[in-house]
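Computed from heavy atoms alone, side chains included, the values below leave out hydrogens, waters and symmetry copies. Order of listing sets the numbers, starting from 1, for every ligand and every atom in it. We count residues from 1, following the sequence as given.
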Amino acid sequence: MTSSTNFLAAETWSDPHPYFDALRQTDPVSWNTWWRGWVITRFDDVDFLLKRSEYMSANTVATARAQASPEQLSRREATFRILGSWLVLNDAPDHTRLRRLTNKAFTPAMVAKLQVGIEARATKLLDAMERKESPDIIADYAHPLTLSVISQMLGIPEGDRDQVAAWGTAITPLVLDGRENKERREVAEATLIKMDEYFAQLLEARRAEPADDLLSQLALAEDQGSLLSENEIIATCILLIFAGQETTTGLIANAVLALGENPSEQAKLVAQPELMRGAVEELLRFCGVAFAISRVATGDFELRGEQIKAGDKLLLTIGAANRDPEQFDEPNRLDITRDTTGHLAFAGGAHYCLGGPLARVEASIAIKLLLDRHPNVQPRPQDIEWRGVIVAREPVALIVDLEPS
Ligand code: HEM
């Protein structure tokens, strides 16, 4: 069947689940004329496709490059070169090689080492937030927290962090749903060039004098005689800024909102902090930021009676799949003690999120410290504006009352 709904329009996107629930029931593999691709909503189908990368390509850059005119190829050289080296936008065998090398640098030990710093930073941010009249969970807490974590991990000097974060936000139109306007895309492409130059200089400094950071580790990472090229190292840093920050910020904000809207679950978590690990998994399932990922079919195949053709765009809506009643009982209910095994908040298969362990640590600490100090924290009644991007459903701001009367 066909639908023409612009699901990013505020009336749907402010509460997308009724729309996607209905689609899952009546039209689980649906051609959307606005998005110009297939929208896939059932858990089984999304899970199946994520694990069968031979059916789909993540390499949207190759398609754009193949369709570009000589003038575009020259003007957009940095975009094609950098995004073309992002592991998330590559298929095997390039993806496999990039991922193996990045994994060598991105170790559990590195994540564990960050834990103390995350707690200290979150505590300082809470101190400052308590002095604000209208504390915003995003601007005053989650965003500076996740920014400092990824910046510290990469080895970005303190004084450069805000600039790098602003650049990270400015490049989003290049990689999100492709429906952004031309002007924003041009700003994004110019920003990418600045980031390329910035990380090239930082890399040169780290090669001269390695430090205890991910950038130095990426420069040293070696797998069976293969090393990352300079362009691949820089591209990976830019990807990590982009992939590691907005997502975790959004998870923390979505979690505070969902707990506030479900006060009995919040009270349960306050009374039994040992439930935190499972609570974070349930929050990932229930409101886990990455609403959908986009792919291109690599061959013709049939799915639930629909004929998918090579080159068709596929939107795997993991946010909708995680609310499939065939997979999770009463999926629209937040239940921090439920079994969430198999949820797709970090996708699955070859591209399964590399930063999952870090995101879990960051979110657990952020929520725990907030609830320790403000067990009754509540979102203030407000008209929430949601960022209009399909890969990350999160509020632009979330004002809270730390001690509601
Ligand atoms: C709540 C937080 C996060 C969520 C919901 C999330 C979600 C995702 C999803 C859905 C993908 C798959 C994308 C695709 O297949 O197209 C992904 C991939 C990735 N994520 Fe995350 N992510 C989070 C945090 C992080 C963090 C903190 C980092 C790093 C510091 C990170 C780094 C990556 C990388 C490098 C990939 C690409 C993996 C590959 O292609 O092999 N993510 N993430």
Side-chain angles (χ1 to χ4, degrees), residues 46-47 49-53 56-61 83 85-103 105-108 110-111 114 118 142-143 145-154 156 168 175-177 213-215 218 232 235-255 280-281 283-296 313-319 321-322 343-367 389-394:
V46 173
D47 190 45
L49 286 171
L50 282 172
K51 288 171 186 156
R52 302 293 191 290
S53 40
M56 310 176 304
S57 169
N59 195 338
T60 42
V61 180
L83 268 54
S85 292
W86 278 15
L87 60 153
V88 71
L89 297 178
N90 267 276
D91 302 323
D94 288 334
H95 171 262
T96 320
R97 182 181 64 83
L98 287 170
R99 183 155 173 133
R100 284 173 72 111
L101 282 159
T102 308
N103 247 334
F106 203 109
T107 57
M110 178 159 272
V111 173
L114 290 168
I118 301 174
H143 188 262
L145 180 66
T146 58
L147 170 64
S148 75
V149 174
I150 194 75
S151 304
Q152 188 192 336
M153 194 165 130
L154 280 170
I156 296 169
V175 258
L176 297 182
D177 54 26
D213 58 37
L214 187 62
L215 181 54
L218 286 169
E232 287 166 350
T236 303
C237 290
I238 299 174
L239 168 62
L240 290 173
I241 293 283
F242 175 76
Q245 197 199 317
E246 294 289 343
T247 46
T248 316
T249 298
L251 173 63
I252 296 167
N254 287 353
V280 168
E281 296 310 309
L283 289 159
L284 279 160
R285 180 198 73 81
F286 187 78
C287 54
V289 192
F291 197 87
I293 58 181
S294 153
R295 293 286 190 266
V296 177
K313 283 203 301 174
L314 305 169
L315 193 68
L316 309 183
T317 59
I318 55 188
N322 277 336
H343 75 67
L344 300 173
F346 291 123
H351 289 279
Y352 183 79
C353 176
L354 206 71
L358 176 60
R360 287 178 166 115
V361 168
E362 288 183 75
S364 304
I365 293 175
I367 299 166
V389 292
I390 189 72
V391 299
R393 184 173 177 274
E394 58 191 329

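Considering backbone and side-chain atoms alike, Y352 places every N or O at 3.5 Å or more from each N or O of ligand 1. Note: an N/O pair closer than 3.5 Å links H351 and ligand 1 by distance alone. For ligand 1, none of its N or O atoms has an N or O atom of T248 under 3.5 Å away.
Residues A235 and S85 come closest through the heavy atom pair CB-CB, 3.7 Å. Pairing each heavy atom of L145 with each of A366, the nearest pair is CD2-CB, 3.8 Å.
Contact check for L240 versus T236: side-chain heavy atoms found under the 4.5 Å cut-off. Residues L218 and C237 meet the side-chain proximity criterion, which asks for heavy atoms closer than 4.5 Å. Between T248 and L358 the shortest side-chain heavy-atom distance does not fall below 4.5 Å. For the pair N322/L284, no side-chain contact is recorded, criterion being any heavy-atom separation below 4.5 Å from C-beta on. Residues I238 and W86 form a side-chain contact, since some pair of their non-hydrogen atoms from C-beta on lies under 4.5 Å apart. When side chains are defined from C-beta on, K313 does not count as touching R295, because their heavy atoms never get closer than 4.5 Å. Side-chain contact check for V296 versus M56: every heavy-atom pair is 4.5 Å or farther apart.
At the top of the distance list for atom 18 (C) of ligand 1, counting protein heavy atoms only, stands C353 CA, 3.6 Å. Nearest protein heavy-atom contact of atom 26 (C) of ligand 1 is G244 CA, 3.4 Å. Among protein heavy atoms, the minimum distance from atom 23 (C) of ligand 1 is reached at T247 OG1, 3.5 Å. The protein non-hydrogen atom at the shortest distance from atom 6 (C) of ligand 1 is F346 CD2, 3.6 Å. For atom 15 (O) of ligand 1, the nearest protein heavy atom (residue, atom name, distance) is R295 NH2, 2.7 Å.
Ligand-side atoms of ligand 1 in range of A345: 5 (C), 7 (C), 10 (C), range being under 4.0 angstrom from any heavy atom. Each of the atoms 38 (C), 39 (C), 41 (O) of ligand 1 lies under 4.0 Å from some heavy atom of R99. Listed by number with element, the atoms of ligand 1 under 4.0 angstrom from any heavy atom of L358 are 30 (C). Atom numbering of ligand 1 starts at 1 in the shown order; those under 4.0 Å from a heavy atom of I150 are 30 (C). The G288 neighbourhood of ligand 1 comprises atoms 5 (C), with distances under 4.0 Å to a heavy atom of that residue. Near A347, with a cut-off below 4.0 Å to any heavy atom, the atoms of ligand 1 are 10 (C), 12 (C). Interface of V88 with ligand 1, defined as ligand atoms under 4.0 Å from a residue heavy atom, comprises 13 (C), 14 (C), 16 (O), 37 (C), 40 (O). For ligand 1, the atoms sitting less than 4.0 Å from at least one non-hydrogen atom of A243 are 24 (C), 25 (C), 26 (C), 31 (C), 32 (C), 33 (C), 42 (N), numbered in the order shown with element in parentheses.
Although no hydrogens or angles enter the test, the distance criterion places a donor-acceptor pair under 3.5 Å between the side chain of D91 and the main chain of A58.
Contact between A350 and ligand 1 is present, with at least one heavy atom of the residue lying under 4.0 Å from the ligand. The closest approach between any non-hydrogen atom of W86 and ligand 1 is not below 4.0 Å.
For T146, no heavy-atom contact with ligand 1 is shorter than 4.0 Å. Contacts between L87 and ligand 1, counted as non-hydrogen atom pairs separated by less than 4.0 Å, involve both the backbone and the side chain. For H95, every heavy-atom contact with ligand 1 shorter than 4.0 Å involves the side chain, none the backbone. Neither the backbone nor the side chain of R360 has any atom closer than 4.0 Å to an atom of ligand 1 (non-hydrogen atoms only).
Between N90 atom CG and T96 atom OG1 the span is 9.5 Å, to the nearest 0.5 Å. To the nearest 0.5 angstrom, R393 atom CZ is 9.0 Å from C287 atom SG. Here CZ of R360 is found 4.5 Å from CZ of F346. Values are rounded to the nearest 0.5 Å.
Of the listed residues (L354, I241, L251, T236), the one carrying the non-hydrogen atom nearest atom 34 (C) of ligand 1 is L354. In the candidate list G355, A58, G319, G355 is nearest to atom 28 (C) of ligand 1, counting heavy atoms.
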### Message
Pair Q152, L114 - check side chain to side chain contact (heavy atoms under 4.5 Å, CB included), show working.
### Response
CA-CA 8 Å; Q152 188 192 336; L114 290 168; 4.0 Å; yes

